[in-house]
Amino acid sequence: MRKNLLHAVPSLATQLQRTDFNSDFLWGTATSAYQIEGAAATDGRVPSIWDSFCEQAGTIRDGSSGAVASDHYHHWAEDLDIAQSLGSNAYRFSISWPRIFSGPDSKPNPEGLAFYSRLVDGMLERGLQPWATLYHWDLPQYLQDQGGWASRDTVHAFVEFADVITEHLGDRVKHWITHNEPWCTAMLGHADGIHAPGIKDFKTAIQVCHHVLLSHGLATPVIRANVADARIGLALNLHPISAASDKPEDFAAARLHDGLRNRWYLDPLYGRGYPQDVWQALGDYAPVVYEGDLQAMAVSTDFLGVNFYFPEIIEHAPGASPLNTRLVDAVGVERTAFGWEIAPEGMTSLLKRIQDDYQPHAMYITENGATYDDHVDNDGQIRDELRRDYLIRHLLAVKEAIRLGCQVKGYFLWSLLDNFEWAEGCSRRFGIVYVDFITQKRTPKLSAHWYRDFLLETEKAKDATTTAKAATAATQQSQESSAA
Ligand code: IFM
């Protein structure tokens with residue numbers, strides 16, 4: 001049996017229309033630089049850790065890289081046209097650090113700055129509010145050569161990068177996300193080694209995590225100094241966690257895993273320091289923390305970005321991981337093509353938990369979406385009903401969270417375009433717009449048509465909502481019968 005440690009929520013509401021959300025609710029799509037831009041050696045860009053990682057044999061499932069990806073560097077105007085045509089009013093993108101700085105003592109690269117200037121102007125011309133992420137995983141390789149995020153020097157390099165970018169774009173960009181998913185930077189990149197820079201050392205990963213959070217804390221006042229009316233936050237990938245059984249040791253393991261996955265980030269950001277239960281369990285793995293670091297990390301922010309994909313189930317497993325925890329696969333659940341469990345009700349409970357425990361000024365869903373094995377039909381259409389239904393069910397979950405009092409103010413769908421999905425290469429498609437990676441032709445999928453119809457409030461979207469309502473009911477029924 002599965003027990004949720006967090007908040008139980010009433011069943012999801014079953015209707016969805018744009019007018020269910022406040023008129024100032026933000027509707028967007030999200031992307032990141034390395035995943036879409038391509039143009040890896042254009043206009044003075046230098047290699048990032050991902051360029052180097054992709055060159056190593058066996059790191060990327062299909063052997064691809066972000067060298068060309070969706071070639072957004074050359075197709076940005078067309079891509080922004082598509083974002084505008086959806087009826088969205090915001091667009092989340094990231095800035096490629098190696099386009100801006102080419103070496104330890106280099107001056108900012110004017111061509112790199114000019115690209116983002118054009119991009120931001122393009123958003124504003126199309127009525128898209130720009131949301132810029134400063135770090136979405138593409139550290140310049142020259143910084144990795146000097147120790148990367150394991151070195152405190154990178155914290156200061158990041159603050160300088162944030163300073164230059166916000167000074168340059170701050171007259172037009174008011175919404176700033178310092179980091180995307182610090183857990184991935186730290187754990188996937190430095191403990192599991194399945195992301196760049198491919199290091200497998202848990203102690204290093206914990207130290208990296210500290211430096212990333214510290215860099216957020218130190219960069220935030222610098223951004224505020226440059227952009228008086230800035231709205232600043234960071235985007236965390238958070239998960240509802242449950243225990244695999246009623247056994248006390250599984251509950252304790254789930255609580256500890258929640259500590260390392262969620263509270264390790266939220267607690268220091270909201271002024272509580274690192275959670276003591278996790279700190280003690282880490283023992284010698286605990287990070288080196290200087291005096292003043294925790295105060296810096298607890299800097300006041302304007303919003304929390306929540307990236308939601310899937311819940312996790314945990315059991316006690318001595319020796320399986322540094323904290324003696326192990327992930328358990330849920331049985332009889334729906335999954336995306338990535339194998340990620342589809343659990344919109346988990347999104348509601350997660351948001352409610354964050355609201356109750358941390359009271360952020362505002363929350364934005366900065367990522368939510370799904371990968372499926374899309375194919376182009378003979379008539380050229382991509383009929384990704386599963387992705388459309390996934391989106392509807394998650395928007396219903398957001399609507400329910402708001403009804404329960406959560407201060408959710410916007411939703412950025414991941415992702416606008418098919419792109420380079422990190423270690424999975426170009427073989428995993430998260431976009432609502434299909435990209436032919438050979439011709440670079442863009443084709444909006446059925447999910448994009450649905451999102452547009454929903455945002456522009458047409459009848460077609462309501463028909464699709466009815467379909468998704470039936471899918472939700474069927475899922476709930478199957479979950480109830482497998483729980484019984
Ligand atoms: O593609 C990634 C994104 O870069 C970060 N969040 C999760 C997405 C899907 O894996």
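Worth saying up front: this structure is predicted, and the values here are computed from it rather than measured. In listed order, ligands and their atoms are each counted from 1.
- One finds a salt bridge joining Glu367 and Arg92 here, because a Lys/Arg side-chain nitrogen approaches an Asp/Glu carboxylate oxygen to under 4.0 Å.
- Ring centroid separation for the pair Trp414 and Phe412 does not come in under the 6.0 Å cut-off.
- If you look at Trp183 and Tyr265, their ring centroids are not closer than 6.0 Å.
- Residues Phe158 and His179 place their aromatic rings such that the two centres sit under 6.0 Å apart.
- With ring centers used as reference points, Tyr364 lies 6.0 Å or more from Tyr411.
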What are the distances between nitrogen or oxygen atoms of ligand 1 and protein nitrogen or oxygen atoms, counting only those under 3.5 Å?
| from | atom 1 | to | atom 2 | distance (Å) |
| --- | --- | --- | --- | --- |
| ligand 1 | 1 (O) | Gln35 | NE2 | 3.0 |
| ligand 1 | 1 (O) | Trp414 | NE1 | 3.2 |
| ligand 1 | 1 (O) | Glu421 | OE1 | 2.5 |
| ligand 1 | 4 (O) | Gln35 | OE1 | 2.7 |
| ligand 1 | 4 (O) | His136 | NE2 | 2.8 |
| ligand 1 | 4 (O) | Trp422 | NE1 | 2.8 |
| ligand 1 | 6 (N) | Glu181 | OE1 | 3.1 |
| ligand 1 | 6 (N) | Glu181 | OE2 | 2.9 |
| ligand 1 | 6 (N) | Glu367 | OE1 | 2.5 |
| ligand 1 | 10 (O) | Glu421 | OE2 | 2.6 |

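- For Phe303 and Trp131, the gap between ring centers is short of 6.0 Å.
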